[in-house]
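Along the sequence shown, the residues carry numbers beginning at 1. What you see is a predicted model, and the numbers here were worked out from it, not measured in a lab.
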Amino acid sequence: MKRESIKKDKWNVVWDKDVVDSRKTTALPVLHRPDRIAPVFAFDAPWESKASSYHHIVKCHDGIYRLYYISYPLQNPQTYYTHVCCLESTDCVNWTRPEYGLYEFEGSKRNNIVFQDLREGAMGTDNFMVFLDPNPKCKPEERYKAVGLAACINNDWSVCDLWCYVSPDGIHWKYSHTMFSKLEGMSWCFDSDNHIIWDGKRYVLYFRGRHRSRDYVQKAENVKNESLRNIEQDIYNYRDIRVAYSDDFRKWEIYGELDYEDGEDYQVYANHIMKYPRNEDVLIGFPVRNVERRSLEGTFSRLGGAVNVCKRNRSVAEAIRSAVVTTDAVFMVSKDGKRWRRSSDAFYTAGPESPYNWAYGDGYIVPYFFETKGRFNGIDNEYSSYFVENSRSVKAKELTMYKIRLDGFYSYHADYYGAKLVTKKMTFKGEKMLLNFSTSALGHIFVTISDGEKTVKSLEVFGNSASREVDFEEDIKVFNGKKVTVTFEMKEADVYSFIFK
């Protein structure tokens with residue numbers, strides 16, 4: 001099957017560690033959070049009455065955007081099937097719930113359910129992450145692949161396999177094969193989003209694992225005390241993210257846990273890893289941090305006002321996690337997919353308290369970014385994306401739009417007193433330079449390009465643009481094909497990215 005490749009411009013984003021020379025840079029990196037816009041869709045159908053989860057968007061072969069997710073109806077948990085459902089959109093903004101007529105729910109096929117695993121003994125999947133396979137060797141009938149955790153087989157909740165499903169069109173699905181089972185020494189894994197990326201040569205799988213906290217020391221007096229031992233195992237059995245590789249989607253080589261430059265060991269899962277659309281050599285992710293406080297006393301009794309967020313006292317009866325865990329999301333970036341740089345601060349927090357937030361499940365991004373017209377000038381596009389809110393609420397979950405500047409996850413900032421941003425050596429290709437930046441009225445940026453022999457400086461740059469052509473004192477085409485260093489002398493300014501064209 002032929003796959004067309006489209007050459008894309010690759011912006012040099014300043015949060016790529018291969019771009020900035022930190023030894024020579026005095027400007028400071030600053031994390032930026034997205035702006036909440038508004039809910040655009042409510043998951044309130046009867047087959048979604050208990051919850052929905054693992055929402056993700058795929059731009060399909062027919063040009064349609066499809067948002068896949070798992071839905072949970074209010075039924076006996078020992079007998080119900082989870083459902084894989086799908087919304088559709090032509091613009092990624094306005095969503096509809098199609099009636100596919102494929103599976104029956106409460107006597108009717110008028111629903112958007114696209115898959116139920118009806119094989120004997122199967123009770124559905126805990127997650128179902130869809131991937132449009134760009135591998136030129138991919139069979140047409142397997143053009144779409146999905147991976148999901150077999151959460152329960154024949155009521156046996158110890159089963160923990162990662163299954164593969166295939167489809168020719170993204171709508172009609174069938175079971176294909178077991179990818180692999182839980183790793184040795186783990187009681188449970190895969191129960192999170194498990195994302196697939198094709199890196200041009202092989203498949204890369206990012207999946208959920210577990211490990212003992214590095215700070216864990218088992219207390220001797222708890223070894224024989226079963227309840228204390230179980231509590232220890234719960235507290236110190238950390239959720240983590242792992243990576244595996246395959247040439248054929250059947251035999252997998254497991255690399256292991258991701259490495260983090262910060263060296264911190266805390267619970268992260270729901271990796272949300274993807275190629276960055278404006279430079280696919282860069283991988284980004286939005287893992288969720290799991291914070292467990294172990295007690296309902298104090299703030300939990302007041303959080304969210306009198307309604308008491310997500311009715312925490314009722315949640316205690318279901319699972320202590322539902323009551324005492326809060327979550328948010330950080331931003332991380334990598335070039336090789338193994339070693340990652342994470343933000344120390346949260347990229348997403350739940351925001352002002354309401355009866356529906358500050359609970360387990362906040363911070364789950366829908367891992368897809370699409371460009372929309374700028375809110376302020378209609379000239380510079382910005383990124384739109386979604387988070388799903390009301391995670392542990394009696395209120396239906398909502399698909400809520402957020403927006404952020406193009407390449408705007410991080411900038412390098414200089415204050416009133418000035419600072420500079422210096423790049424590592426890079427190859428100049430083109431005849432001009434475009435800059436994504438902002439300044440104050442008093443602020444400015446001067447850009448200098450040097451190959452070690454010749455240096456050319458820009459005229460003063462000021463304003464706020466996602467794609468400003470920089471004017472130089474001399475023609476910069478003289479650097480074409482040469483290794484150069486770029487220096488930004490900044491005052492009350494932010495630099496996000498740049499490109500040579």
Kindly determine whether Phe105 and His83 satisfy ring pair (Phe, Tyr, Trp, His ring centres under 6.0 Å), including the steps that lead there.
CA-CA 10 Å; Phe105 180 80; His83 309 292; 5.7 Å; yes
Would you please test Phe249 and Val147 for side chain to side chain contact (heavy atoms under 4.5 Å, CB included) and show each step?
CA-CA 10 Å; Phe249 222 86; Val147 295; 4.0 Å; yes
Apply side chain to side chain donor-acceptor pair (under 3.5 Å) to residues Ser246 and Lys251 and explain how you reach the verdict.
CA-CA 6 Å; Ser246 176; Lys251 296 179 181 178; over 6 Å; no
Between Asp44 and Arg97, does the salt bridge (charged side-chain N to carboxylate O under 4.0 Å, His left out) criterion hold? Intermediate values first, please.
CA-CA 11 Å; Asp44 56 3; Arg97 186 186 276 115; 3.7 Å; yes
Start with the C-alpha distance between Ile365 and Tyr402, add both sets of side-chain angles, then the distance that settles side chain to side chain contact (heavy atoms under 4.5 Å, CB included), and finish with yes or no.
CA-CA 10 Å; Ile365 194 172; Tyr402 281 72; over 6 Å; no
Phe41 and Tyr386: CA distance, side-chain angles, deciding distance, ring pair (Phe, Tyr, Trp, His ring centres under 6.0 Å) verdict:
CA-CA 11 Å; Phe41 191 91; Tyr386 296 103; over 10 Å; no
Before you tell me yes or no, could you show the steps for Lys59 and Phe370 under side chain to side chain contact (heavy atoms under 4.5 Å, CB included), namely the whole-Å CA-CA distance, both residues' side-chain angles and the distance that decides it to 0.1 Å?
CA-CA 10 Å; Lys59 187 174 182 180; Phe370 55 101; over 6 Å; no
Under the side chain to side chain contact (heavy atoms under 4.5 Å, CB included) criterion, do Tyr206 and Leu283 qualify, and how do the steps go?
CA-CA 12 Å; Tyr206 294 95; Leu283 297 174; 3.5 Å; yes
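Between Arg242 and Glu257 there is a salt bridge, with a side-chain nitrogen of the basic residue lying less than 4.0 Å from a carboxylate oxygen of the acidic one. Here Lys403 does not pair with Asp35 in a salt bridge; the nearest charged N to carboxylate O distance is not below 4.0 Å. Using a cut-off of 4.0 Å between Lys/Arg side-chain N and Asp/Glu carboxylate O, Asp259 and Arg339 are scored as not salt-bridged. In this structure, Arg36 pairs ionically with Glu389, as a charged nitrogen and a carboxylate oxygen lie closer than 4.0 Å. Checked for salt-bridge contact, Arg405 and Glu382 miss the test: no charged N lies under 4.0 Å from a carboxylate O.
The structure places CZ of Phe115 at 12.5 Å from SG of Cys85, a figure rounded to the nearest 0.5 Å. Separation of atoms CZ (Arg342) and CG (Leu31) is listed at 14.0 Å; rounding is to 0.5 Å. Atoms CD and CG, on Glu398 and Asn390 in that order, are 5.0 Å from each other to the nearest 0.5 Å. In this structure, the separation between CD on Glu261 and CH2 on Trp340 is 11.5 Å, given to the nearest 0.5 Å. Atom-to-atom distance recorded for Asp126:CG and Ser53:OG is 6.5 Å, nearest 0.5 angstrom. A distance of 5.0 Å separates CD1 in Ile70 from OG1 in Thr82, rounded to the nearest 0.5 Å.
Smallest separation of non-hydrogen atoms from Cys138 and Glu142: SG-O, 3.3 Å. Of all the heavy atoms in Gly363 and His272, the pair that sits closest is O-CE1, 4.4 Å. Residue Val166 comes nearest to Lys145 through the heavy atom pair CG1-CG, 4.3 Å, listed as atom of the first residue, atom of the second, then distance. Closest non-hydrogen pair, Ala466 versus Trp11, comes out as O-CH2, 3.8 Å. The two atoms that bring Pro98 and Cys86 nearest to each other are CD-O, 3.5 Å, heavy atoms only. The shortest heavy-atom contact between Ile404 and Phe347 is CD1-CE1, 3.8 Å.
Checked by atom type and distance alone, the side chain of Trp358 pairs as donor or acceptor with a backbone atom of Gly351 at under 3.5 Å. Checking side-chain atoms of Thr125 against main-chain N and O of Asn127 turns up a donor-acceptor pair under 3.5 Å. Side-chain atoms of Asp407 do not come within 3.5 Å of backbone N or O of Asn436 as any donor-acceptor pair. For the pair Arg143 (side chain) and Pro168 (backbone), a donor-acceptor distance under 3.5 Å is present. Between the side chain of Arg66 and the backbone N or O of Val58 there is no donor-acceptor pair closer than 3.5 Å. For Asp169 (side chain) and Ile171 (main-chain N/O), a donor-acceptor pair under 3.5 Å exists by modelled atom type. Of the possible polar contacts, none joining the Ser497 side chain to the Val13 backbone as a donor-acceptor pair under 3.5 Å is found. The backbone N or O of Ser52 lies less than 3.5 Å from a partner atom in the side chain of Lys397, making a donor-acceptor pair. Side chain of Asn194 to main chain of Leu205: no donor-acceptor pair is present (N/O by atom type, distance under 3.5 Å, no hydrogens or angles).
Taking the side chain as every heavy atom from C-beta outward, Ile241 and Tyr260 approach each other to under 4.5 Å. You'll find the side chain of Lys109 stays beyond 4.5 Å of the side chain of Leu102, heavy atoms only. His195 is listed as a side-chain neighbour of Pro367, based on a closest heavy-atom distance under 4.5 Å. The side-chain heavy atoms of Asp16 and Asp281, taken from C-beta on, include no pair separated by under 4.5 Å. Leu258 has its side chain within reach of Val243: a pair of non-hydrogen atoms, C-beta onward, lies under 4.5 Å apart. Contact annotation: the side chain of Arg239 never approaches that of Val288 to less than 4.5 Å [non-hydrogen atoms, C-beta and beyond]. Considering only heavy atoms from C-beta on, Glu371 comes within 4.5 Å of Arg278 through its side chain. Residues Thr372 and Met401 fail the side-chain proximity criterion, which asks for heavy atoms closer than 4.5 Å.
Between the side chains of Tyr364 and Asp193, not a single donor N or O lies within less than 3.5 Å of an accepting N or O. Defined by atom type and a distance below 3.5 Å, a donor-acceptor pair is missing between the side-chain atoms of Thr327 and Asn290. Under 3.5 Å, the side chains of Asp345 and Ser343 contain no donor-acceptor pair of N or O atoms. Looking only at atom types and distance, the side chain of Glu48 has a donor-acceptor partner in the side chain of Tyr69 under 3.5 Å away. Side-chain contact check for Asn94 and Thr96: no donor-acceptor pair (N or O, by modelled atom type) lies under 3.5 Å.
In this structure, the ring of Phe286 has its center no less than 6.0 angstrom from the ring center of Phe387. Trp15 and Tyr276 have their aromatic ring centers within a separation under 6.0 angstrom.
Within a 6.0 Å sphere centred on NZ of Lys174, other residues, nucleotides and ligands contribute 12 heavy atoms or fewer.
Aromatic ring pairs are classed by plane angle as parallel below 30°, tilted from 30° to 60° and perpendicular above 60°; the pair Phe190 and Phe207 is tilted.
The ring pair (Phe, Tyr, Trp, His ring centres under 6.0 Å) search around Tyr68 returns His56, not counting sequence neighbours. Every residue was checked against the ring pair (Phe, Tyr, Trp, His ring centres under 6.0 Å) condition with Tyr269, not counting sequence neighbours, and none meets it.
By the 6.0 Å and 45° rule, Arg341 does not stack over the aromatic ring of Tyr410.
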